[in-house]
There are 2 protein chains.
Amino acid sequence: MLSFAEENYLKAIFHLSDSGATEVSTNAISDHMSTKPASVSDMIRKLDEKGMVTYKKYYGVNISKKGKMMALQVIRKHRLWEVFLVDKLKFNWDEVHEVAEQLEHIRSGLLIQRLDEFLDYPKVDPHGDPIPDENGDMAVAKKTPLDKVEVGVKGKIVAVNDEGSSFLQYLDKIGIYLGAKLEVTERVDFDGSMEILIDNKQKVFISREVSQNILITD
Amino acid sequence: MLSFAEENYLKAIFHLSDSGATEVSTNAISDHMSTKPASVSDMIRKLDEKGMVTYKKYYGVNISKKGKMMALQVIRKHRLWEVFLVDKLKFNWDEVHEVAEQLEHIRSGLLIQRLDEFLDYPKVDPHGDPIPDENGDMAVAKKTPLDKVEVGVKGKIVAVNDEGSSFLQYLDKIGIYLGAKLEVTERVDFDGSMEILIDNKQKVFISREVSQNILITD
DNA sequence: AAATATTTTTAGATAACTCTAAAATATTTT
DNA sequence: AAAATATTTTAGAGTTATCTAAAAATATTT
Ligand SMILES: [Mn+2]
Ligand SMILES: [Mn+2]
Ligand SMILES: [Mn+2]
Ligand SMILES: [Mn+2]
């Protein structure tokens with residue numbers, strides 16, 4: 001059985017490797033987790049011994065089939081809990097991530113199965129991220145980061161890349177929410193900032209930093 | 001902030017001390033927690049330094065006001081989660097304790113406040129134990145262990161002393177549940193075993209070990 | 001291709017929690 | 001009140017997860 005720390009490392013490696021597609025460097029993990037590279041080296045050696053990753057010294061790690069499944073189970077729990085907090089306990093979408101970071105480590109097959117049922121088998125979490133099923137499978141919808149689209153493009157906001165409360169509270173403030181209709185009305189090539197029209201009502205001006213973290217479908 | 005281990009020790013000390021009334025011995029804690037006395041000595045020294053207990057070497061510990069409040073908060077969370085699991089997720093009463101042992105350590109004031117609201121401010125958990133409020137206050141109903149009552153006494157089952165699944169499953173099997181009406185129809189003085197009539201329907205014969213763990217109101 | 005810079009690993013420490021074995025203290029029995 | 005017994009603490013060690021500082025390997029620049 002994996003410790004909380006091991007689960008967190010595995011989750012980080014999974015995310016940083018683009019769901020397992022590429023290898024991940026020690027420094028990338030260390031940055032993402034706010035630990036020191038030395039600690040990462042130790043941990044990935046241990047995860048390698050447990051068959052969760054394959055590790056070639058000085059060349060980074062690749063997550064294994066087994067490790068991927070473990071990561072997906074934790075992600076499943078994280079996202080289901082986020083849905084619970086928003087749908088049932090009336091949390092705002094900016095209040096759930098921290099708590100879900102704790103709840104994702106609760107060990108009980110029955111609990112997560114019943115929670116899924118109680119929530120009526122949700123497919124996405126409050127940030128638009130897909131929820132893996134018991135087998136780790138999830139619907140992968142095509143999502144485009146807003147900074148990559150041209151002027152005139154219309155779409156619907158379906159997800160965000162940043163779950164931090166300062167970003168989400170800013171979105172609340174400017175009237176951006178999941179499901180909102182959106183049109184890019186202006187684009188400044190120099191810095192990538194843009195003006196967008198939300199629900200055919202308000203126009204707001206956002207920086208590239210913001211648009212990078214907003215995902216739309218066309 | 002207290003660690004999981006510290007919270008568990010404090011909870012044990014609180015329970016073993018009759019809600020703080022008496023001092024608790026090292027061995028009693030060690031037995032209750034399935035750790036070694038040496039580990040307990042270490043931990044209570046640490047809890048003393050943190051002002052959670054007062055500890056006199058070789059004479060056991062007394063929980064402090066502060067420690068009692070911490071214990072009650074953990075107990076509050078534990079019992080609220082048990083209610084959630086039974087009422088909302090359709091767990092049986094014998095399936096909740098282990099999971100609640102994990103959930104009780106989740107840190108979020110908002111979560112527990114909202115959970116309480118979501119559950120409609122329950123007063124007791126699935127085993128009949130009272131749920132402390134935010135201030136640690138709880139309704140103390142007068143409950144009598146079944147082994148202490150005479151033949152002919154009638155009452156209602158309001159709580160159990162053992163949350164283990166083998167005990168609770170046995171109660172399920174013989175038709176005992178919280179709220180059931182009960183009458184003591186026979187008593188064997190020799191070994192304390194007794195025959196009881198449940199809901200004026202089935203008669204069952206139970207040992208003293210069982211009757212000690214069933215609490216009634218008259 | 002050598003020098004320099006960056007990344008990664010190793011060595012050695014620390015903190016929290018646990019253990020066993022031995023020593024110290026308290027309690028009970030004779 | 002001395003001896004025997006039981007309880008509790010201390011000493012020393014192991015595990016997990018973290019850190020800093022130094023060494024080793026790789027990557028980049030000249
Ligand atoms: Mn999250
Ligand atoms: Mn999310
Ligand atoms: Mn319980
Ligand atoms: Mn209970």
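In what follows, chains are A, B, ... by sequence order, proteins preceding strands, each numbered from 1. No experiment lies behind these values; they were computed from the predicted model shown.
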Heavy atoms within less than 4.0 Å of DNA chain D: which residues of residues 67-75 of chain A have one? Give them sorted by number. none

Could you tell me which residues satisfy side-chain hydrogen bond (donor to acceptor under 3.5 Å, both in side chains) with B/Asp191, sequence neighbours excluded, listed by chain and number? B/Ser193

Qualifying residues under side-chain hydrogen bond (donor to acceptor under 3.5 Å, both in side chains), relative to B/Glu195, sequence neighbours excluded: B/Thr185

Check the phosphate of C/dC19 against B/Ser39, side-chain N and O only, distance under 4.0 Å to OP1 or OP2. Yes or no? yes

Hey, could you give me each pair passing salt bridge (Lys or Arg N to Asp or Glu O under 4.0 Å) that has a residue in residues 63-73 of chain B? Not counting sequence neighbours. none

Using the salt bridge (Lys or Arg N to Asp or Glu O under 4.0 Å) rule, collect all pairs that involve residues 99-118 of chain A, keeping only residues at least two apart or in two chains. A/Glu7-A/Arg107, A/Lys11-A/Glu101, A/Lys11-A/Glu104, A/Arg76-A/Asp116

With sequence neighbours excluded, tell me which residues meet salt bridge (Lys or Arg N to Asp or Glu O under 4.0 Å) with A/Lys50. A/Glu6

Once salt bridge (Lys or Arg N to Asp or Glu O under 4.0 Å) is applied, do any residues pair with A/Asp94, and if so which ones, sequence neighbours excluded? none

Dot-bracket pairing map - DNA chain C, Watson-Crick plus G-U, both contacts under 3.5 Å, | cross-strand: ||||||||||||||||||||||||||||||

Taking any heavy-atom pair under 4.0 Å as a contact, classify A/Ala5: base, sugar-phosphate, or nothing. sugar-phosphate

Heavy atoms only, 4.0 Å cut-off, all strands: where does A/Phe4 land among base, sugar-phosphate and nothing? nothing

Every protein N/O within reach of nucleotides 6-8 of chain C N/O, cut-off under 3.5 Å:
residue, atom, partner, partner atom, Å
C/dT8, OP2, A/Asn27, N, 2.8
C/dT8, OP2, A/Asn27, OD1, 3.3
C/dT8, OP2, A/Asn27, ND2, 3.3

Residue pairs involving [range] (criterion ring pair (Phe, Tyr, Trp, His ring centres under 6.0 Å); sequence neighbours excluded):
{"range": "residues 82-108 of chain B", "result": "A/Phe84-B/Phe84, B/Phe4-B/His105, B/His78-B/His97, B/Trp81-B/Phe84"}
{"range": "residues 111-145 of chain A", "result": "none"}
{"range": "residues 8-31 of chain A", "result": "none"}

